[in-house]
Amino acid sequence: VEALVTGNLEHPGIPAVYERGMRDGRPFYAMRKVEGRPMSEAIAAAKSLPERLALVPVVAQVANTLGFAHARGVVHRDVKPDNVLLAAHGAVVVVDWGIAKVTGMADVGGAISGSPDANTGALATVHGSVLGTPAYMAPEQARGDVAAIDARTDVFALGAMLYHVLTGRAPFAGVTSMAVLAAALA
């Protein structure tokens with residue numbers, strides 16, 4: 001899914017896919033290498049509000065990239081600072097389109113699990129009926145209501161990411177993945 005999605009979204013904020021196929025019975029794809037650091041590291045390094053405010057233009061660039069994807073029927077579903085790379089010369093690249101929802105394509109399901117990151121309280125992406133990272137999830141996504149997930153879901157996560165930039169912490173936190181999920185639902 002990730003190779004198909006990113007391969008069909010030609011935008012400077014999305015890594016280009018050069019080739020995809022099967023090798024020894026396993027799928028593969030080759031994409032542009034993006035060197036940089038995750039936005040989560042930049043947020044953690046920004047100890048003062050003025051330092052964090054300097055990251056607000058990054059959020060605007062992510063919004064531009066998501067707007068491009070949304071106009072083409074693609075919802076990322078896992079917008080978070082770990083999936084935004086700050087590359088050379090001010091480039092901002094949104095990565096990890098593996099759980100994207102694409103208009104007209106079947107969706108996947110399962111269960112949530114995982115434990116929070118010690119630095120951010122965010123959970124790693126988990127596959128299931130609830131897909132994404134609970135610390136940045138919109139309520140409809142936290143409920144697993146796949147039919148209600150659309151571009152607004154990414155906009156909610158973008159707002160959660162902006163909250164993280166401004167406050168230095170993720171908007172939803174908890175000791176367990178279910179506690180974070182409950183906070184996102186509420």
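All of these numbers come straight from a predicted model, not from anything done at the bench.
No continuous path of hydrophobic side-chain contacts links L86 to V34 [ILVMFWY only; heavy atoms under 4.5 Å]. Note on F68 and L66: same hydrophobic cluster, where clusters join Ile, Leu, Val, Met, Phe, Trp and Tyr whose side-chain heavy atoms are under 4.5 Å apart, directly or indirectly. Linking Ile, Leu, Val, Met, Phe, Trp and Tyr residues whenever their side-chain heavy atoms come within less than 4.5 Å places V92 and I43 in a single cluster. In this structure, V84 is a member of the same hydrophobic cluster as L55, with clusters built from ILVMFWY side-chain heavy atoms closer than 4.5 Å. Put simply, V180 and L185 are part of two different groups of oily side chains (I, L, V, M, F, W, Y) that touch within less than 4.5 Å, one to the next.
Considering OG of S40 and NE2 of H164, their distance stands at 7.5 Å, rounded to 0.5 Å.
Remark: the backbone N or O of G132 is not paired with any side-chain donor or acceptor of R77 at under 3.5 angstrom. Remark: side-chain polar atoms of T133 are not paired, donor with acceptor, to backbone N or O of A135 under 3.5 angstrom. The backbone N or O of D78 sits less than 3.5 Å from a side-chain atom of N83, completing a donor-acceptor pair. The backbone N or O of S48 sits less than 3.5 Å from a side-chain atom of E51, completing a donor-acceptor pair. Distance alone, capped at 3.5 Å, is enough to place a donor-acceptor pair between the H11 side chain and the G13 backbone.
In this structure, A184 and P134 approach most closely via the heavy-atom pair CB-O, 3.6 Å. Heavy atoms only, all atoms of each residue included: V5 and V74 are closest at CG1-CG1, 3.7 Å. The two residues K47 and R52 make their nearest non-hydrogen contact at O-NH1, 3.4 Å. When all heavy atoms are compared, the tightest approach of V93 to P12 is CG2-O, 4.2 Å. Here the closest heavy-atom approach between residue M161 and residue Y136 is recorded as N-CD2, 4.1 Å.
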>> Please evaluate residues V165 and L53 with respect to the criterion side chain to side chain contact (heavy atoms under 4.5 Å, CB included), reporting the C-alpha separation (whole Å), side-chain torsions for both, the decisive distance (0.1 Å), and the verdict.
In response: CA-CA 7 Å; V165 167; L53 285 173; over 6 Å; no
> What's the verdict on side chain to side chain contact (heavy atoms under 4.5 Å, CB included) for E2 and D96, showing C-alpha distance, side-chain angles and the deciding distance?
Replying inline: CA-CA 7 Å; E2 186 170 12; D96 197 3; 4.2 Å; yes
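Exactly one of K101, H76, H70 qualifies for a side chain to side chain donor-acceptor pair (under 3.5 Å) with D154. That residue is H70. If you run side chain to side chain contact (heavy atoms under 4.5 Å, CB included) between W97 and each of V17, L9, L4, only L9 comes through.
Taking the side chain as every heavy atom from C-beta outward, M137 and F156 never approach each other to under 4.5 Å. Contact check for E140 versus T153: side-chain heavy atoms found under the 4.5 Å cut-off. Under the 4.5 Å side-chain criterion, counting only non-hydrogen atoms from C-beta, Y18 is not in contact with M31. Under the 4.5 Å side-chain criterion, counting only non-hydrogen atoms from C-beta, P27 is not in contact with R20.
The 12-atom threshold is not exceeded at CD of E10, counting heavy atoms of other residues, nucleotides or ligands nearer than 6.0 Å. Surrounding CZ of R152 are at most 12 heavy atoms belonging to other residues, nucleotides or ligands under 6.0 Å away.
No side-chain N or O of E19 forms a donor-acceptor pair with one of Y29 less than 3.5 Å apart.
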